[in-house]
*Asks:* 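Let me give you the structure first, and then I'll get to my questions.
Per chain, numbering begins at 1; letters A, B, ... match sequence-line order. Atom set for the values below is all heavy atoms of this structure, side chains included, hydrogens, waters and symmetry mates excluded.
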Protein chains: 2
Amino acid sequence: MQEYRLLLVDDEKDILKLLQYNFELEGMNVHTAQTGKDAIDLALSLIPNVILLDVMLPDIDGIEVCEILRKNPVLNNTIIIFLSARGEDYSQVAGYRAGADDYIVKPIRIKVLLHKIKALLDRNRDYNDFESINNMQIDSDRFSIMKDGKESIIPKKEFELLSYLMSSPDKVFRREEILSEVWGDAFIGDRTIDVHVRKLREKFGREIIRTVKGVGYRFMGN
Amino acid sequence: MQEYRLLLVDDEKDILKLLQYNFELEGMNVHTAQTGKDAIDLALSLIPNVILLDVMLPDIDGIEVCEILRKNPVLNNTIIIFLSARGEDYSQVAGYRAGADDYIVKPIRIKVLLHKIKALLDRNRDYNDFESINNMQIDSDRFSIMKDGKESIIPKKEFELLSYLMSSPDKVFRREEILSEVWGDAFIGDRTIDVHVRKLREKFGREIIRTVKGVGYRFMGN
DNA sequence: GTTTAGCATAACATAGCGTTAACCCATTCG
DNA sequence: CGAATGGGTTAACGCTATGTTATGCTAAAC
């Protein structure tokens with residue numbers, strides 16, 4: 001579990017301490033937040049591998065936090081696990097709708113939780129390995145792309161765009177899709193996308209991204 | 001949840017029936033097995049998207065079944081979820097070690113289970129929804145046509161026209177139909193259609209679209 | 001043989017994209 | 001602190017694939 005960044009979000013300090021202690025024993029890099037707002041800020045700057053998110057928070061609802069985070073492609077590979085004192089169907093269902101990867105009801109059994117996280121992380125790793133397309137591998141931890149054994153560290157937006165396109169190789173993403181997924185609801189001109197595509201092509205070869213005129217762009221899976 | 005193949009494995013017929021009923025309501029393609037051996041055989045021939053696997057089985061232990069299945073790369077993209085009456089730490093941990101994606105303790109709440117599966121499937125591969133006629137597959141995600149294993153990326157209008165004609169193979173579409181469906185209410189001359197048909201024939205062979213003089217065009221479904 | 005719809009080719013128009021350079025804004029650095 | 005750097009965005013402008021039209025030709029229908 002080395003090298004993994006973990007974000008704990010809970011309003012109760014005791015639980016934070018308990019969990020932090022246990023995860024640090026496992027060698028994880030643990031950060032904590034007590035409010036939804038802090039959680040979002042930290043998550044976006046830290047880009048953790050795992051977020052443990054309490055549903056009950058003083059300001060923003062944990063489920064809402066999750067929805068907000070899930071919208072940001074930077075956190076595509078982040079595992080989000082809900083914690084809740086409530087065991088009702090209702091909140092479990094809402095949790096999955098919000099894009100959670102798992103759901104755990106308090107009281108927490110540390111060992112179970114650890115193994116759950118390990119399983120999810122392992123799965124993600126495998127996933128990344130399989131997601132080596134066209135000699136290109138994407139490493140969201142480092143904001144870098146490996147192509148033909150050479151590592152390139154690329155700027156955030158380029159990385160986000162490339163990740164997005166690579167998330168479904170060969171699919172043509174429409175410009176509107178790209179705008180809303182990569183840029184959120186900012187008011188951005190069309191040329192901005194082109195420029196970023198251009199930079200990516202400059203770095204990795206003209207052929208990796210193909211234009212479909214009048215529609216959008218497509219990352220070539222071969 | 002259409003088109004997904006689900007394999008249910010449990011030794012109790014009542015549970016199988018209950019689950020089968022509920023998943024079929026969701027439009028899933030449900031298959032069942034009552035023993036570990038059957039489960040393995042079925043899984044390998046069916047290659048389901050999801051396997052729900054009871055831990056307690058009359059012959060082979062569910063965990064062992066999972067380990068065996070996980071070794072086979074054909075099932076790399078298959079999600080395996082354990083079901084168990086026992087809630088103990090022990091078997092949960094063993095389950096994740098064996099390569100399970102999730103673990104659910106009975107009694108099962110159908111809604112929770114459904115959302116769990118949906119969340120896992122969403123994170124998994126995209127599935128393709130293409131029709132295949134006459135060795136030609138049209139893939140609207142990719143804006144491309146596969147013919148005899150070769151992919152052609154074609155311009156938007158050509159793609160739209162071809163899709164339209166292929167939507168009902170062997171039907172003769174009248175020119176007015178084509179105009180209104182493919183071009184909307186633009187004021188377009190008749191010759192435009194011809195030219196696009198010509199380009200399609202150039203790319204995929206003269207025979208794929210047949211002219212019916214005085215009426216319109218027909219995509220040959222053979 | 002005459003008529004007509006459709007074909008082929010080339011010419012044309014333009015939406016949509018590519019490219020460049022300049023700008024703003026943060027962050028870092030001297 | 002101002003300067004320098006790097007990323008993100010924009011505006012201007014050129015370019016080209018794509019879509020459309022024009023024109024003369026061919027083949028089918030009667």
*Asks:* Are any non-hydrogen side-chain atoms of I40(A) and I60(A) less than 4.5 angstrom apart?
*Replies:* yes

*Asks:* Is the closest side-chain donor-acceptor distance between T211(A) and R201(A) under 3.5 Å?
*Replies:*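 Yes, because at least one side-chain N or O of T211(A) sits under 3.5 Å from a partner of the opposite role on R201(A).
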
*Asks:* May I ask you to test the L52(B)-F23(B) pair for a side-chain heavy-atom distance under 4.5 Å?
*Replies:*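 Result yes, sub-4.5 Å side-chain heavy-atom pair found.
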
*Asks:* Whole angstrom is fine here: how far is it from CZ in R175(A) over to P in dA15(C)?
*Replies:* 15 Å

*Asks:* Any side-chain N or O of Y217(A) less than 4.0 Å from the OP1 or OP2 oxygen of dG18(C)?
*Replies:* yes

*Asks:* Quick test of your reading: applying ring pair (Phe, Tyr, Trp, His ring centres under 6.0 Å), list the pairs with at least one residue in residues 189-222 of chain B, sequence neighbours left out, ordered by first then second residue.
*Replies:* W183(B)-H196(B)

*Asks:* Does R198(A) put a side-chain nitrogen or oxygen below 4.0 Å from OP1 or OP2 of dT20(C)?
*Replies:* yes

*Asks:* Grab the CG-P distance between D194(B) and dA10(C) for me, whole Å please.
*Replies:*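 About 17 Å, once rounded to whole Å.
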
*Asks:* Between protein and nucleotides 19-30 of chain D, map the contacts as a letter string: B base, S sugar-phosphate only, - none, heavy atoms under 4.0 Å, written 5' to 3'.
*Replies:* BBB-B----B--

*Asks:* Rounded to the nearest Å, what distance is computed from the CZ atom of residue F143(B) to the C1' atom of nucleotide dT18(D)?
*Replies:* 14 Å

*Asks:* Excluding sequence neighbours, so at least two apart, what forms salt bridge (Lys or Arg N to Asp or Glu O under 4.0 Å) with E176(B)?
*Replies:*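 Testing E176(B) for salt bridge (Lys or Arg N to Asp or Glu O under 4.0 Å), a comparison that skips the adjacent residues, returns R174(B).
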
*Asks:* Considering just the side-chain nitrogens and oxygens of T211(B), establish if one lies under 4.0 Å of OP1 or OP2 belonging to dA5(C).
*Replies:*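 So the side-chain polar atoms of T211(B) never come under 4.0 Å of the phosphate oxygens OP1 or OP2 of dA5(C).
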
*Asks:* State plainly whether the residues D59(A) and K37(A) are in salt-bridge range, i.e. N to O under 4.0 Å.
*Replies:*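 The answer is no: the pair does not qualify as a salt bridge.
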
*Asks:* Taking ring pair (Phe, Tyr, Trp, His ring centres under 6.0 Å) as the definition, give me every residue that meets it alongside Y164(B), ordered by chain and number, with sequence neighbours left out.
*Replies:* F173(B)

*Asks:* For dG18(C), does either OP1 or OP2 sit under 4.0 Å from a side-chain N or O belonging to R201(A)?
*Replies:*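 Result: yes.
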
*Asks:* Could I get the full list of side chain to side chain donor-acceptor pair (under 3.5 Å) partners for T32(A), not counting sequence neighbours?
*Replies:*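 Counting only residues at least two positions away or on another chain, T32(A) forms no side chain to side chain donor-acceptor pair (under 3.5 Å).
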
*Asks:* Specify the residues of residues 202-210 of chain B, ordered by number, for which at least one heavy atom lies under 4.0 angstrom from an atom of DNA chain C.
*Replies:*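 When residues 202-210 of chain B is checked for heavy atoms under 4.0 Å from DNA chain C, the hits, listed by number, are R206(B).
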
